[in-house]
Amino acid sequence: MYTFNDRNDESLTLRPEGTAGCVRAGEEHGLFFNQQQRLWYMGPMFRYERPQKGRYRQFHQIGVEAFGMQGPDIDAELILMTARLWKQLGLDDNVKLQLNSLGSASARSNYKSALVVYLRSVEQGLDDDSRRRLNSNPLRILDSKNPDTQKLLDGAPVFADFIDLESQEHFEKLQSILRGAGVEYQLNPRLVRGLDYYGKTVFEWVTSDLGAQGTVCAGGRYDGLVEQLGGKATPAVGFAMGVERLILMLKTLGLEPQELKKVADIYIVAAGDGTDKIALFIAENLRNELPRQRIQVNCGNGSFKSQLKRADKSGAKYAIIIGESEIQSHSVMLKSLRDNGEQQLISQNILSEYLQDLMQP
Ligand code: HAM
């Protein structure tokens, strides 16, 4: 937790994630009463972790939470939605889906007891972190990255022997939907997730392109949380993706969408005495008339050539060029920055109308 004392010596904790807040907001506004909800959020989250590549103390999540649906169909829908997003971003070959079921609370508790008995018998061989978790959160030891601990875990009891029938059926149905939809997955019995509200389905989308911080999106079912936070029992499932990790991945793979690099649709070049003022007036007029187009005016002078270079770099489709002779003739030179670089003298009176036709998708 990112916790600190403020000037009044009050202890503040910055939100580490969005799920619990989403549940509280839903409760406060009566969103769960007799209705289903599919909600989403995006925003900064804070965790006091040791920073490294892909792991920050302030990062951003896009999260989705679905309430009031208990079947595996909604688990599948969320997974299919993320699979669709990877495809759209061109990342589908680079992320792999890992799946597990944590079963019901009582199955988990029986398993936890058996696991603790086993781990106590090999406690000498555990690393410090795992020894500490033996008392606080023994299931987390299952996803220890320490190779010696992992070796010891090979002899540990397996959850498949403890899972309850209902969770087992839920999990099998989910897998059958995913197989039917052509979504590949790997069963990972050691996937337990760091947050303790999960039960039944848990999943992670993992990549090998980011080094140690390979999880780009993760989530699962948390049917007990609404009740635990004071509401009526409400089934729920969701996930969150780490925006920085996604961007890092797109950059590593050279897949940043070109569209994002584009900052303008029309760039106004002004070269010569008094042209900067006219450029700003024309820009304001175009912003009124063509509100969907992004208009950028060259500010800070520069030679004609360097302004055109900036115009090109902005990603704009057209440059509007205003020189002294254009001011004289109340016109502008409209230059295509893509295609063939054609240019044309257009009267200022009809400029917005002319551009409107040109810029139609
Ligand atoms: P989480 O696994 O803690 O789950 O975080 C989700 C994602 O946020 C991670 O997979 C990762 O991409 C990103 N992330 C987490 N910590 C950091 C960090 N320090 N720096 C950069 N990125 C990070 C949750 O937060 C759950 N609330 C997800 C969920 C929603 N489960 C059900 N509904």
Side-chain angles (χ1 to χ4, degrees), residues 1-3 13-26 32 37-70 72 74-79 81-82 85-86 89 91 94-102 137 139-140 142-143 145 174 188 190-226 228-229 234-252:
M1 290 283 197
Y2 205 129
T3 301
T13 295
L14 303 178
R15 64 175 181 189
E17 58 114 42
T19 307
C22 196
V23 169
R24 280 192 292 270
F32 305 145
Q37 293 289 352
R38 288 170 167 87
L39 308 176
W40 74 277
Y41 51 84
M42 181 169 75
M45 308 294 164
F46 304 83
R47 298 181 190 180
Y48 203 78
E49 305 192 268
R50 185 142 33 94
Q52 54 175 277
K53 181 180 168 189
R55 193 213 261 169
Y56 314 103
R57 287 183 176 169
Q58 177 174 0
F59 59 98
H60 295 75
Q61 283 186 345
I62 297 175
V64 169
E65 315 288 354
F67 295 93
M69 291 159 268
Q70 61 184 10
I74 182 69
D75 305 15
E77 185 176 71
L78 296 187
I79 291 174
M81 181 162 86
T82 47
L85 182 70
W86 311 143
L89 291 172
L91 295 175
N94 296 74
V95 284
K96 301 271 172 276
L97 176 63
Q98 299 204 342
L99 270 189
N100 192 20
S101 175
L102 300 178
N137 194 351
L139 287 183
R140 279 304 301 282
L142 291 177
D143 68 1
K145 304 282 180 285
L174 168 64
N188 178 0
R190 292 196 183 160
L191 179 66
V192 287
R193 312 273 304 117
L195 301 146
D196 55 12
Y197 46 60
Y198 292 110
K200 290 188 176 161
T201 313
V202 287
F203 65 92
E204 289 193 356
W205 288 94
V206 184
T207 179
S208 52
D209 296 318
L210 295 181
Q213 304 304 318
T215 307
V216 289
C217 172
R221 194 159 265 286
Y222 51 97
D223 293 341
L225 189 61
V226 177
Q228 194 187 326
L229 293 180
T234 306
V237 54
F239 66 79
M241 56 183 81
V243 176
E244 285 79 5
R245 287 189 194 174
L246 273 179
I247 292 173
L248 207 56
M249 207 178 152
L250 289 169
K251 278 193 175 150
T252 309

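Whatever order the structure lists them in is the order used to number ligands and atoms, beginning at 1.
Counting only heavy atoms from C-beta outward, the side chains of M249 and L91 approach each other to under 4.5 Å. Annotation: side chain of T13 is not in contact with side chain of Y2 (no heavy-atom distance under 4.5 Å). Contact annotation: the side chain of T19 approaches that of L225 to within less than 4.5 Å [non-hydrogen atoms, C-beta and beyond]. At least one side-chain heavy atom of V192 sits less than 4.5 Å from a side-chain heavy atom of L102. Contact of the R245 side chain with the T215 side chain is registered, since non-hydrogen atoms from C-beta on lie closer than 4.5 Å. The shortest side-chain heavy-atom distance between T207 and L210 falls under the 4.5 Å cut-off.
Atoms of ligand 1 found under 4.0 Å from any heavy atom of E65, numbered from 1 in the order shown, are 30 (C), 32 (C), 33 (N). For ligand 1 and T215, the ligand atoms under 4.0 Å from any heavy atom of the residue are 9 (C), 10 (O), 11 (C), 12 (O). Numbered from 1 in the order shown, with element, the atoms of ligand 1 that lie under 4.0 Å from a heavy atom of V216 read 10 (O), 12 (O). Of all atoms in ligand 1, listed by their number and element, those nearer than 4.0 Å to a heavy atom of Y222 are 32 (C), 33 (N). Proximity to F239 (heavy-atom distance under 4.0 Å) selects the following atoms of ligand 1: 29 (C), 30 (C), 32 (C), 33 (N). Distances below 4.0 Å separate heavy atoms of E49 from the following atoms of ligand 1: 16 (N), 18 (C), 19 (N). Listed by atom number, the atoms of ligand 1 under 4.0 Å from G219 heavy atoms are 31 (N).
Counting heavy atoms closer than 4.0 Å to ligand 1, residue R55 contributes atoms from both its backbone and its side chain. The part of C217 lying near ligand 1 is the backbone, judged by heavy-atom distances below 4.0 Å.
A side-chain donor from one of N94 and D209 sits under 3.5 Å from a side-chain acceptor of the other. Using modelled atom types and a 3.5 Å distance limit, the side chains of E17 and Q61 yield no donor-acceptor pair.
Among protein heavy atoms, the minimum distance from atom 4 (O) of ligand 1 is reached at R193 NH2, 3.0 Å. With respect to atom 18 (C) of ligand 1, the closest heavy atom belonging to the protein is F59 CD2, 3.4 Å. Nearest non-hydrogen protein atom to atom 6 (C) of ligand 1 is Q61 NE2, 3.3 Å. If you check which protein heavy atom lies closest to atom 24 (C) of ligand 1, you get L195 CD1, 3.5 Å. Looking only at protein heavy atoms, the nearest one to atom 20 (N) of ligand 1 is Y56 N, 2.9 Å. Among protein heavy atoms, atom 13 (C) of ligand 1 sits closest to G242 CA, 3.6 Å.
The shortest heavy-atom distance from G63 to ligand 1 is not under 4.0 Å. At a 4.0 Å cut-off, not a single heavy atom of E204 sits close enough to ligand 1 to count as contact. Distances from ligand 1 to the non-hydrogen atoms of G54 include at least one value under 4.0 Å. Between Y198 and ligand 1 there is a heavy-atom distance shorter than 4.0 Å.
Selection from Y197, Y48, Y41 by nearest heavy atom to atom 26 (C) of ligand 1 gives Y197. When the options T19, T207, L246 are ranked by their closest heavy atom to atom 30 (C) of ligand 1, first place goes to T19. Among Q52, M249, R245, the residue whose heavy atom lies nearest to atom 11 (C) of ligand 1 is R245.
Ligand 1 has a nitrogen or oxygen under 3.5 angstrom from a nitrogen or oxygen of E17. Backbone and side-chain nitrogen or oxygen atoms of G18 are examined, and none is located within less than 3.5 angstrom of a nitrogen or oxygen of ligand 1. Below 3.5 Å of separation, one finds no N or O of E244 facing any N or O of ligand 1.
Ion pairing between a basic and an acidic side chain is recognised when a charged N comes within 4.0 Å of a carboxylate O; E204 and R193 show such pairing. Ion pairing between R55 and E244 fails under the 4.0 Å rule for side-chain N and carboxylate O.
Cation-pi geometry between R57 and Y48 is met: under 6.0 angstrom from the ring centre, within 45 degrees of the axis.
Atoms OH and CZ, on Y198 and F203 in that order, are 8.0 Å from each other to the nearest 0.5 Å.
Atom CE of M81 has more than 12 neighbouring heavy atoms from other residues, nucleotides or ligands inside a 6.0 Å radius.
The two residues M45 and P16 have their closest heavy-atom pair at CB-O, 3.6 Å.
In this structure, W205 and W86 have perpendicular ring planes: the angle between them is above 60°, well past the 30° mark.
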